[in-house]
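Some notes on the structure that comes next.
For clarity, every value in this text was computed on a predicted model and none was experimentally measured.
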2 protein chains.
Amino acid sequence: MANKVKVGIVGFGTVGTGVAKILLENNDIIKSKSGIDVELVSVVDMDTTTPRPLSLPQGMLSSNLADVIDNDSISIAVELIGGTTVAKDIVIEMLRSGKHVVTANKALIAEHGTELYKVARENNRCIAFEASTCGGTPVIGALRTGLAANQVNALYGILNGTCNFILSNMTDNDIDFPTALKQAQEKGYAEADPTLDINGADTAHKLTILSRIAFGRQIEFSDVYFEGIENTSIVDIRYGRDMGYTLKLLAIAERDPETDKISLRVHPAFIHDDHPLAQIEGPFNAVSVIGHAVGQTMYYGRGAGMLPTASAVVADIIEVALGNSEKLFNGQTLQSREETLEKIDPIENLTTRFYVRVMAKEQPGVVAAYSKILGDHNISISGVLQREEAEHSNIVPVVIATNATKQKNMTAALQEITDLDVITETSTCIRIVDIPEDDIED
Amino acid sequence: MANKVKVGIVGFGTVGTGVAKILLENNDIIKSKSGIDVELVSVVDMDTTTPRPLSLPQGMLSSNLADVIDNDSISIAVELIGGTTVAKDIVIEMLRSGKHVVTANKALIAEHGTELYKVARENNRCIAFEASTCGGTPVIGALRTGLAANQVNALYGILNGTCNFILSNMTDNDIDFPTALKQAQEKGYAEADPTLDINGADTAHKLTILSRIAFGRQIEFSDVYFEGIENTSIVDIRYGRDMGYTLKLLAIAERDPETDKISLRVHPAFIHDDHPLAQIEGPFNAVSVIGHAVGQTMYYGRGAGMLPTASAVVADIIEVALGNSEKLFNGQTLQSREETLEKIDPIENLTTRFYVRVMAKEQPGVVAAYSKILGDHNISISGVLQREEAEHSNIVPVVIATNATKQKNMTAALQEITDLDVITETSTCIRIVDIPEDDIED
């Protein structure tokens, strides 16, 4: 006999419509797979009049939040409003009214997760948020359960479909950033205001969430260094390609096994063409996780969309209904904020290789002056890549790749280089990330 | 406070050693991630003298099965013996003695799963077997929970690391099958007797297990059609490459949305070079799952090895200890065997494209005779690919690709072609698999 559970949704936008659609149309699939009979009883949204691509049964949609909060028969409440203000208050109300919460809201979990976890624990309820990262691909589930025997040593992700569409579109079609962004907007992959996607904040939100689970530490959004793709030039993508690299907006979490410190960062990165992450195209997302026992594993799927995201929300509803989410939520201990803070490695301490392009006046002594500055900062050049005359000017690009060096050295060197009279523009500096193989013996 | 659970292992080979190692060395990681304090109390193996790369605490290793079966404090028993005879009896004993069972034994679950599930249910216990497919990559977990809201429409997998190593080694280094097999044996990727790996049976075992969960039907090993890679010629890999295809041993489960029938098969397949599965190299495994809501997702990792497989065994121990596995095991309803049987589409009914190479005497009328037979069986040729003189002989390869046609037509045509006087060897016929895109709207 199937276990019955009643669900209320707050937020009837794209994802809310997808969740309602699956719950109303696929109840039999869910029941046969899990033994849970999920009944959708209420959908709340301030806007009850705009037509959606799904008709709800008469009386199910209302604009009255109390229809979910005050309905004691509802044991699972789904927050799909988005944002971090109203959504936060509503999630707290949901928990206090005795409901478990399922949400797809990455900003909310990343920025206010610690507080919300606390409210959940005080009320003996749990929060599930598989849908907050990588759409329907069960990455959080993999980290929580499938890899639970592992010390996670590193995590590399392409977590924002908008940015990945723009960068792979630039790379494949040799077009500039504004054109690629415009196409992303036309295809519905980018919002009218794409700021949060392209400035890296969305990816950083997701990395915060994944890292908390992967490392079991009380990581906050502010611990993640991030840069976006808004200044990406097709020129650098071309040079990178010549060197065997593909440009991706990469989310990186790396644990130093000696110090146990973790580096958390999001930035454009040149990765080797033949790494599986370099092959991730268009709006897809992927996460590569390296565990001490399992070695390298990778998870791949659509990063967004009505039904893919709804798939994860419904998976969470099922897991919460089974009681499994609660056990996992309660079972995980996060290291305290104090311990966590001591173990965050700031970006200045990062050691990495760099790609640097400067635009220099074509005159004697330029490369010498430039090389001297790098040498002064202990930066060794692994290769000068190209030096060709630009059209209609005496300004030439000088492109180099460096050996591994400290971020703070590079930052200081770049400042001096930019100040040289012979350098005509702000220099472009992109980190080259050599994603390691795992060290599992075959 | 951590929940304590006691575990016994039967089988102290490679994987058993890995599981013991993780349980003894990583108890703190497991406890912090799950709240479960797993205590290994007993390891049983007939061989207690051969040195292993791990020392167990004094008295933990014995050759007496009763040390696990009769120890009532052990609630989870791990079967890592392998095979389907002794292992089966022992698993039944474990269940009857009131223990939940965790196993990595794909042959056992594939061939006797139905019977063992029944014994488990009769004893109110569960069987968990994440480690039976794809090493430590949590594919079964993804199908059971992360994709629980989905009607699975198709599943494509590279599930045997030995075969994938051999085929990618042949492709990358242009070597023949015997050389590639020998190298696999030297690297420890292939057994001295590699039959079960290279004849496709191991892959078919894993496909049986995945399909049962993906489709919720009582699928038996005998429902899966399989062919191996033992007759693979480097010549065909070369021709395939020229046509833009990579050869993989592919596990395929496809549901026809109109008839709800599923086709279950394992065979060498030419897939497009640019499909992510074509990039899977060496001993790695990958599974691409297409769900009606989530679209295409893919899971990738090491297919075998001491610690990767142990990682999955320990993940199962944790999930069983939390009570989650039991709920999922009990929650899933499989369609009856009668219903399932009606919904299995036999290989004869398969419609697919084919690559065919025949070795023909170079004389007038050969291609005409050959083409006529294909035409008689309603097989249309999409391209004649190459026709060049072989060295020191008047025997030439004639290579064609067909449009989609029924398997039974091709089987009949091949028989007639092989009977032609001008055809000098058995023809080579490889299915070309066009893995579909998902139909999720962006």
Contact class of A/N26 relative to chain B, heavy atoms under 4.5 angstrom: side chain

Please report the closest heavy-atom contact between A/I29 and B/A148, naming both atoms and the distance. CG2-O, 4.0 Å

For the interface with chain A, which of B/D316, B/D438, B/L147 has the highest count of heavy-atom pairs at distances below 4.5 Å? B/D438

Portion of A/A131 that has a non-hydrogen atom of chain B nearer than 4.5 angstrom: neither

d(B/I213 CD1, A/K33 NZ) to nearest 0.5 Å is 10.0 Å

So, for A/V294 and B/T137, which heavy atoms are closest and what is the spacing to 0.1 Å? CG2-N, 4.2 Å

Counting only non-hydrogen atoms closer than 4.5 Å, does A/I22 touch chain B with its backbone (N, CA, C, O), its side chain (CB onward), both, or neither? side chain

Which one, A/H292, A/M306, A/E130, leads in non-hydrogen pairs under 4.5 Å with chain B? A/H292

Given B/T145, B/V139, B/V314, B/I30, the one with more heavy-atom pairs under 4.5 angstrom with chain A than any other is B/T145

CD on B/Q279 to NE2 on A/H275, rounded to 0.5 Å: 12.5 Å

Any residue meeting side-chain contact (heavy atoms from CB on, under 4.5 Å) with A/N285, in chain and number order, not counting sequence neighbours: A/C134

Which region of A/S34, side chain (C-beta onward) or backbone (N, CA, C, O), has a non-hydrogen atom less than 4.5 Å from a non-hydrogen atom of chain B, or is it both or neither? backbone

Does CD belonging to A/E186 count more than 12 external heavy atoms closer than 6.0 Å? yes

Hey, which of B/G216, B/A293, B/G136 has the most heavy atom pairs under 4.5 Å with chain A? B/A293

Segment of A/I317 engaging chain B (4.5 angstrom heavy-atom cut-off): neither

For A/D172, give me all partners under side-chain hydrogen bond (donor to acceptor under 3.5 Å, both in side chains), at least two apart in sequence or on another chain. none

Scored by heavy-atom pairs under 4.5 Å with chain A, the best of B/L307, B/L23, B/N324 is B/N324

If you check every heavy atom in residues 327-336 of chain A against those of chain B, which residues fall under 4.5 Å? A/K327, A/L328, A/G331, A/Q332, A/T333

Hey, is CD on A/E191 packed in by over 12 heavy atoms from elsewhere, all under 6.0 Å? no

Show the nearest heavy-atom pair for residues B/A142 and A/P138, with the distance to one decimal. CB-CG, 3.8 Å

Applying ring pair (Phe, Tyr, Trp, His ring centres under 6.0 Å) to A/Y300 and not counting sequence neighbours gives A/F284

A/A310 versus chain B, heavy atoms under 4.5 Å apart: side chain, backbone, both or neither? neither

Does any heavy atom of chain B fall under 4.5 Å from the side chain of A/I318, the backbone, both, or neither of them? side chain

Contacting region of A/E319 [heavy-atom separation from chain B under 4.5 Å]: side chain

